[in-house]
Amino acid sequence: MKNLKLITAAALTSSVLAMTAVAFAADGPHDKAIKARQAMFQTYSFNVGILSAMAKGDKPYDADVATEAANNLSAAANFGQSQMWPQGSDNATDGNARTRALPAIWTEFPAITEKAEGLKTAVAALVPVAGNGLEALQGAMGDVGASCKACHDDYRAKRR
Ligand code: HEC
């Protein structure tokens with residue numbers, strides 16, 4: 001009898017744990033879009049990381065690698081994003097996957113598209129010169145970094 005109680009208690013505990021796990025993993029209605037845009041930003045970041053490391057001298061300059069990273073960044077910066085930002089997928093609405101997207105993105109639309117255009121313009125200037133030597137790369141990276149920051153300052157929440 002005693003053993004049965006123990007077993008029941010153990011079973012109960014594990015099912016409560018399983019339920020908790022399910023609760024954490026539960027999909028909100030916008031999680032796929034949130035994850036897709038975060039993956040897009042990770043692609044920005046990966047390629048900017050390669051280019052910045054070269055520009056700062058932390059990684060040897062390589063014209064082919066710089067050109068490839070600039071082209072990748074350009075492809076990602078020109079992604080169609082219309083389905084990545086559904087209404088209600090901000091960081092103030094409960095039930096979303098962890099997102100740092102501030103509600104201002106939707107209330108100030110289309111102002112935010114100017115920030116996205118700022119990035120596209122900076123990347124369009126980078127692409128043709130990234131393979132033209134270290135100085136050319138350095139000259140173009142400032143505007144790219146500034147365009148990322150300009151949007152994050154207004155529309156991305158600080159890390160919690
Ligand atoms: C038009 C606005 C905008 C521009 C331009 C922009 N970002 Fe972001 N970025 C955001 C927002 C908003 C988020 C938060 C997304 C979320 O959590 O749902 C974000 C999130 C990120 C993240 C975190 C992704 C994750 O896994 O949670 C990284 C890294 C990032 N951005 C890098 C960059 C880099 C590098 C650039 C420039 C090349 C850039 N971003 C340009 C708005 C922008």
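For ligands, and for the atoms within them, numbers begin at 1 and follow the listed sequence.
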Decide whether an N or O pair under 3.5 Å exists between [X] and ligand 1.
X	answer
R98	no
R100	yes
W85	no

Under 2.8 Å from atom 8 (Fe) of ligand 1, the protein N, O or S atoms, given as residue and atom: H152 NE2

Enclosure of K120 NZ (heavy-atom neighbours >12, cutoff 6.0 Å): yes

Sub-4.0 Å atoms of ligand 1 with respect to non-hydrogen atoms of [X]:
X	value
I105	12 (C)
Q42	24 (C), 25 (C), 26 (O)
T99	16 (C), 17 (O), 18 (O)
Y155	12 (C)
V48	38 (C)

Under 3.5 Å side-chain donor-acceptor pair for D90 and T93: yes

Approximate separation, where rounding is to 0.5 Å, of S89 OG and K32 NZ: 15.0 Å

Closest heavy-atom pair and its distance - P86, H30: CG-ND1, 3.5 Å

W85 side chain vs A33 backbone, donor-acceptor pair below 3.5 Å: no

Listed partners of F41 passing ring pair (Phe, Tyr, Trp, His ring centres under 6.0 Å), at least two apart: Y44

Same apolar cluster: L126 and M40, side chain cutoff 4.5 Å: yes

Same cluster (ILVMFWY, side-chain, under 4.5 Å), W106 and L102: no

